[in-house]
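Here is the structure we will look at, set down as structure tokens.
All values below were derived from every heavy atom in this structure, side-chain atoms included, with hydrogens, water molecules and symmetry-related copies excluded.
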Amino acid sequence: MTRWLAILVVLLFAGSAAAQSVNFPSVTVGSSQAGPEVKGWIYKPSGDGPFPAIILAHSCAGANAHTDRWGKLLVSWGYLVLAPDSFVPRGTKAVCTTPNVVTPNMRVADIAGALDFLATRSDVVKGKVGIIGHSHGGSTVIRSAQKSFGLAQRGLAAGVAYYPGCNLKFDVGVDIPVLLLAGDKDDWTPADRCRSLVSGLKRSDLVEAVYYPNAYHSFDSKAADRTVPGAAGKQHHLAYDTVAAPDAEARTKAFFAKYLR
């Protein structure tokens with residue numbers, strides 16, 4: 001474990017009895033080639049289980065306090081959570097300004113490895129694994145849901161994508177249920193791209209899409225309104241939304257209860 005990663009573990013996950021450091025292989029699936037060994041954290045409810053499990057895919061900012069908050073929230077709902085770090089093992093901390101350094105397509109190999117790792121655990125319900133991700137992680141959710149990768153056969157049952165970057169060229173083959181949550185004022189991952197994607201899906205019935213009219217990017221993150229840099233020198237507005245955030249959280253809880261229980 002690198003010194004930086006060790007510090008990250010201490011700062012983010014200190015005091016969280018549910019967070020345990022783990023590592024597992026990244027696995028080649030389809031067009032996604034295996035990456036370096038994946039580092040990650042397990043959040044676990046009290047008791048022996050077995051529990052339905054959820055993979056938590058971090059944003060372009062990497063594993064941080066937002067990851068930790070969601071890990072603990074999902075545990076409070078009764079899920080075992082695996083939060084892989086797709087960036088540090090590949091030599092970077094974040095890709096918000098350099099999105100092609102680590103792509104959602106590359107991260108699918110990590111998700112496949114996470115599914116295989118969870119399948120070895122006696123405290124995980126077999127075939128009851130969900131995935132949730134935000135922004136870059138949301139894009140990873142939609143990419144992981146593609147039939148071409150066959151992750152449903154590895155136990156992936158459902159996914160929740162918060163404000164993902166929707167790719168009309170590569171993401172039309174969704175074959176597991178997906179809840180897509182986007183903000184109409186998002187100037188980083190525009191909701192209209194997701195509308196176009198959903199309308200062109202081969203199985204549009206598998207995707208439940210919700211668009212919040214006044215929400216910006218990162219609408220679930222309780223932080224002050226801010227502007228941050230993205231790729232090519234562009235600036236993007238991030239803001240918590242008091243309407244979208246609790247509604248999206250309630251929908252997420254109900255969605256996972258429907259497909260993972």
Side-chain angles (χ1 to χ4, degrees), residues 1 5-6 8-27 29 34-58 62-89 107-134 137 140-141 144-145 149-162 176-179 249-250 252-261:
M1 181 181 289
L5 186 56
L8 180 69
V9 172
V10 172
L11 291 179
L12 296 184
F13 306 108
S16 174
Q20 172 194 5
S21 179
V22 296
N23 59 289
F24 53 88
S26 181
V27 178
V29 282
E37 184 176 63
V38 182
K39 304 293 183 181
W41 296 271
I42 289 284
Y43 294 81
K44 184 180 175 181
S46 59
D48 297 328
F51 309 98
I54 295 175
I55 299 167
L56 174 57
H58 58 69
N64 56 21
H66 184 261
T67 315
D68 190 47
R69 185 184 79 80
W70 267 98
K72 292 173 181 175
L73 177 62
L74 294 168
V75 165
S76 75
W77 296 349
Y79 299 99
L80 182 145
V81 179
L82 172 55
D85 185 340
S86 291
F87 292 170
V88 170
R107 295 179 69 180
V108 173
D110 299 352
I111 304 306
L115 288 164
D116 290 354
F117 173 74
L118 289 171
T120 68
R121 295 182 63 102
S122 61
D123 54 2
V124 171
V125 177
K126 302 302 182 275
K128 291 289 187 179
V129 180
I131 183 171
I132 184 172
H134 300 76
T140 300
V141 169
S144 297
F149 293 114
L151 297 191
Q153 286 69 52
R154 278 183 147 89
L156 190 62
V160 176
Y162 272 70
I176 63 169
V178 171
L179 173 62
E249 185 176 306
T252 298
K253 185 176 183 179
F255 181 83
F256 279 138
K258 178 179 179 180
Y259 291 104
L260 303 185
R261 295 294 184 180

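- Contact of the S86 side chain with the D110 side chain is registered, since non-hydrogen atoms from C-beta on lie closer than 4.5 Å.
- Using a 4.5 Å heavy-atom threshold, the side chains of L115 and V129 count as touching.
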Does L73 form a side chain to side chain contact (heavy atoms under 4.5 Å, CB included) with K253? I'd like the steps, not just the answer. CA-CA 10 Å; L73 177 62; K253 185 176 183 179; over 6 Å; no
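- The distance between the ring centers of H134 and H58 does not fall below 6.0 angstrom.
- Taking the six-membered ring for Trp and the full ring otherwise, the centers of W70 and Y162 sit less than 6.0 Å from each other.
- Separation of atoms NE2 (H66) and CG (L56) is listed at 8.5 Å; rounding is to 0.5 Å.
- Side-chain contact between N23 and V38 is absent, with no heavy-atom pair separated by less than 4.5 Å.
- Atom CG of residue L118 and atom OG1 of residue T120 lie 7.5 Å apart, to the nearest 0.5 angstrom.
- Between the side chain of S26 and the backbone N or O of A34 there is no donor-acceptor pair closer than 3.5 Å.
- L82 CG to Q20 CD: the interatomic distance, rounded to the nearest 0.5 Å, is 10.5 Å.
- Using a 30° and 60° split on the angle between ring planes, F24 and F117 fall in the parallel class, below 30°.
- A 4.5 Å side-chain heavy-atom check between I55 and I111 finds at least one atom pair inside the cut-off.
- Contact detail for G62 and T67: the closest heavy-atom pair is O-OG1, 3.8 Å.
- Closest approach of A257 to Y79, counting heavy atoms only: N-OH, 3.3 Å.
- In this structure, A152 and I176 approach most closely via the heavy-atom pair CB-CG2, 3.8 Å.
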Test log, rule side chain to side chain contact (heavy atoms under 4.5 Å, CB included), inputs I132 and L74: CA-CA 10 Å; I132 184 172; L74 294 168; 3.9 Å; yes
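- Counting heavy atoms from C-beta outward, L179 and T252 have side chains that approach closer than 4.5 Å.
- For the pair A157 and P177, the tightest heavy-atom approach, listed with the atom from each and the gap, is O-CD, 3.3 Å.
- The shortest side-chain heavy-atom distance between K72 and Y43 falls under the 4.5 Å cut-off.
- Contact detail for R154 and V29: the closest heavy-atom pair is NH1-CG1, 3.3 Å.
- A pairwise comparison of heavy atoms in S46 and F51 identifies O-CZ, 3.6 Å as the closest pair.
- The shortest side-chain heavy-atom distance between L80 and R121 falls under the 4.5 Å cut-off.
- Within a 6.0 Å radius of NZ in K258, no more than 12 heavy atoms belonging to other residues, nucleotides or ligands are found.
- Side-chain contact between D123 and K44 is present, with heavy atoms from C-beta onward closer than 4.5 Å.
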